[in-house]
Every structure is written in C-alpha cells, then in structure tokens.
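The block underneath contains the structure these notes are about, expressed in structure tokens.
Ligands are counted one by one from 1 in listed order, and the atoms in each one are counted from 1 as well.
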Amino acid sequence: MECNYSDIDQIIKKYNSDPKALIPILMNIQELIEEQYVSEEVASYVAKNLNISSSHVYEVVTFFSALHDQPKGKYLIQLCNSTVCSLKKSQKMKEILENILGIKIGETTSDKMFTLEYTTCFGACDISPAIRINKKVYGKLNEEKVIEIIEGLRRMENE
Ligand code: FES
C-alpha cells in the first residue's frame, strides 16, 4: 500500500487532531490511498496521533460501511440497493455483474481490478437502476449496458 504519512499528518492537522472528527479524518485518508482502505498500520498511526486506542479506530473502520479494512480493486463498483433501485431490478443487475466479473458481492477480482459492493442511495434514483464506479454514476442500466461498461473498462486496461 502506498501511503504518505505527511499527507495523513496534514489531514489530522486540518481537523485539529480532534478525536471527535475520527470518521471524516479516516474518510479523507482512505481517499488518499489508491486501494481505498484503511490498513491496521494506518489505523494505529491515526490512533497514536489522536491519542485514542488503536482498537477503537479499527472498530470504527470495520463498523462504518463507507470505510474499508481490506484493499479494494482499481475499480470500485457500487450497486445501489436502496428502495427505488431495488424496485427497478437492482437484483438483476447484481446477478449480471457477479456473472461478468466472476465474483460475489463484497468480493474483489483476483487481478485486483474490480470490487463489487452494495451501497445506499447516492441520489441517482431518477435514472435507476444505477451503479457508481469510482464516483462516476451510470444509470438506466440493463444487461447490455452493464456488459458494455465492464468490457469498456477491461479494454481500456488492456490498451
Ligand atoms: S435508490 Fe438507487 S440511487 Fe437512489
């Protein structure tokens, strides 16, 4: 994991080393890290600098769904499973994605290219069912569109 501790120091400083800001601090740090997760090593570093226990920081990382304790694939595919998307066949999209990626929801492909996970509504209900890949939203999905998106990313990686 590439991790720049001086950038982490700056984030902690931005929040005045306030333990009450633990979640935004961890979110900011996670965004810095290419594999989008907070390792045990980083959790300990944050704990030391906020003067709180490492186990508390790690508990927050494992409990809070927007934080990850395991490395993610290069493309984090988030499938909305909130009400509107569920009504508009997000379950079907899950099956298609699992099939094309060869993994189950919550898993990462062995080449570390894709991680598939559920997320709550991200405000794209008007174009549901929707997914978000590294913050880019794709909506009005159907089988062909999902396959086209994934194949497009694979092609891009192979160029
Ligand atoms: S319910 Fe899926 S984006 Fe809102």
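Take Glu157 and apply the salt bridge (Lys or Arg N to Asp or Glu O under 4.0 Å) test, not counting sequence neighbours, and it matches Lys74.
There is a side-chain donor-acceptor pair under 3.5 Å between Gln78 and Glu117.
Counting heavy atoms from C-beta outward, Ile25 and Ile29 have side chains that approach closer than 4.5 Å.
The number of protein N/O/S atoms found under 2.8 Å from atom 4 (Fe) of ligand 1 is 2.
Atom CD1 of Ile23 sits about 9.0 Å away from atom CZ of Phe63, to the nearest 0.5 Å.
Screening residues 122-141 for salt bridge (charged side-chain N to carboxylate O under 4.0 Å, His left out) gives Glu31-Lys135 as the qualifying pairs, with residues at least two apart or on separate chains.
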Can you give me every donor-acceptor pair (side chain of residues 141-153, partner residue at least two apart or in another chain, under 3.5 Å) with its distance?
| unit_1 | atom_1 | unit_2 | atom_2 | d |
| --- | --- | --- | --- | --- |
| Asn142 | OD1 | Glu144 | N | 3.2 |
| Asn142 | OD1 | Lys145 | N | 2.8 |
| Lys145 | NZ | Gly139 | O | 2.9 |

